[in-house]
Amino acid sequence: MSVRTFVHAARNTRSGLDLFVLAGVLWGTGGIAGAVLAGRAGLHPVAIAAHRLLAGGLLITGYALATGRLRVRRPSRAELARIAGAGALFTVFQAAYFAAVLAGSVSLATLTTMVAVHLMVTVGTAVRERRRPGRIVLASLAAAALGLVLLLGTPAGGAGGALVGAGFALVAAGGFAVLTLDSRPALPTLDRVAVTGLGFLFGGCLLLPAGLVVGMTVPMRADVLGAVVFLGVLPTGAAYVAYFTALGRAHPAGAIVAVLLEPLTATVLSAFLRGERLGPVQLLGGLLVLTSIAVHRRATGLPVRD
């Protein structure tokens, strides 16, 4: 390898890690934006999820068209099935996640969803491959499970709200875990970015009837309109594009940066902007969760999101 090639590869890797950082931070702002829409516009979680999927889908699909990842043509049955399947799962994930945010808190909903995805994907992978996880992976799972118990065992906002929020977070995690466990090879005519954008649009259309019933109209105020635009542009469109671009430039194991920064960002923003606080026991639980996922990802080298 020449010096020039080595320097180019190092720059690409560094750029990929920077994009993982960007994706993680942007993902961590999504719950806050959703909470703002619920508080200031009175939107139902289904309506918030529909707004996010439609706005983000338009942006990502537009990016796919502009970069040649997607061409305007008649899609095949296989492509339609892949888009519809992804869209249905995105629908479950987004609607349940925002329901968890509103039932409990942004920080707990994000942490609970993240650790549940971690557990479900690890167990699902072991079952699919018929291979018992190694000791390090099992230890990380035990730490994650203990962390989740600590997070939910002493809720600051009341046991009822925490349990309801945890239930919605588990449903959200289930939807995303199924997406992650999909081992089918990418279609040669439709890459991940295009599937994500079109899947978001399909999922938004699925939620649209229910969203119209509960009410999707937002007040014509700068703060509310800004929150809608922010939700579609940054934690959705920009974050997913940054993540998929990073996967092409850095080792997939670097995605650990994104998965750790997402709940950290959500927790910090929730504390400063919404006055949410985690008690000492919950902080210990969150630390166990983050540590377990860091150890697990380093042991397996698996990407965090598909």
Side-chain angles (χ1 to χ4, degrees), residues 8-9 11-27 30 49 52-94 117 121 124-125 128 175-207 231-259 262 297 300-306:
H8 180 69
R11 286 177 177 173
N12 274 344
T13 299
R14 179 59 185 171
S15 175
L17 290 174
D18 290 341
L19 288 172
F20 277 136
V21 169
L22 177 63
V25 171
L26 292 179
W27 274 329
R52 180 178 191 178
L53 289 173
L54 291 171
L58 285 172
L59 287 168
I60 298 173
T61 302
Y63 171 80
L65 286 169
T67 56
R69 296 169 179 264
L70 177 66
R71 299 185 183 279
V72 179
R73 54 182 171 76
R74 183 177 180 178
S76 66
R77 289 185 178 181
E79 291 172 336
L80 288 175
R82 187 70 61 90
I83 293 167
L89 291 170
F90 280 132
T91 298
V92 173
F93 171 55
Q94 293 296 331
V117 169
V121 170
T125 301
R128 185 183 62 195
F176 201 86
V178 173
L179 272 171
T180 305
L181 288 169
D182 184 0
S183 60
R184 293 174 297 176
L187 295 173
T189 55
L190 204 63
D191 72 356
R192 291 176 176 177
V193 173
V195 169
T196 299
L198 294 173
F200 274 12
L201 287 176
F202 183 84
C205 290
L206 286 180
L207 285 178
L231 184 61
V233 173
L234 294 180
T236 310
Y240 276 91
V241 169
Y243 178 77
F244 286 120
T245 303
L247 281 179
R249 296 185 180 181
H251 192 280
I256 180 61
V257 175
V259 83
E262 180 181 1
R297 296 302 175 187
T300 60
L302 292 174
V304 177
R305 292 175 184 254
D306 247 349

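Being a predicted model, the structure only gives us computed values, none of them experimental.
Leu80 meets the side chain to side chain contact (heavy atoms under 4.5 Å, CB included) test with Pro75; sequence neighbours excluded. In this structure, Thr91 has no side chain to side chain donor-acceptor pair (under 3.5 Å) partners at least two apart in sequence or on a different chain. The side chain to side chain contact (heavy atoms under 4.5 Å, CB included) search around Ala49 returns Gln94, Ala95, Phe98, Leu207, not counting sequence neighbours. Taking Leu70 as the reference, Thr61, Ala64, Leu65, Leu190, Ala194, Leu198 meet the side chain to side chain contact (heavy atoms under 4.5 Å, CB included) condition, with sequence neighbours excluded.
Scanning all heavy atoms of the two residues, the minimum distance from Pro235 to Trp27 falls at O-CD1, 3.3 Å. In terms of heavy atoms, Leu26 sits closest to Ala238 at CD1-CB, 3.9 Å. Pairing each heavy atom of Leu19 with each of Ala246, the nearest pair is CB-CB, 3.6 Å.
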Show every donor-acceptor pair shorter than 3.5 Å between a side-chain atom in residues 82-90 and any protein atom, with sequence neighbours excluded, or say none if there are none.
from, atom 1, to, atom 2, distance (Å)
Arg82, NH1, Pro185, O, 3.3
Arg82, NH2, Pro185, O, 3.4

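Ring geometry for Phe93 versus Phe176: interplanar angle of 30 to 60°, hence tilted.
One distance of note links CG of Leu201 with CG of Leu54; it measures 6.5 Å at 0.5 Å rounding. For the atom pair OG1 of Thr236 and CZ of Phe200, the computed distance is 6.0 Å after rounding to the nearest 0.5 Å.
Contact check for Tyr63 versus Val193: side-chain heavy atoms found under the 4.5 Å cut-off.
Note on residues 57-77: pairs passing salt bridge (charged side-chain N to carboxylate O under 4.0 Å, His left out), not counting sequence neighbours, are Arg69-Asp191, Arg73-Glu79.
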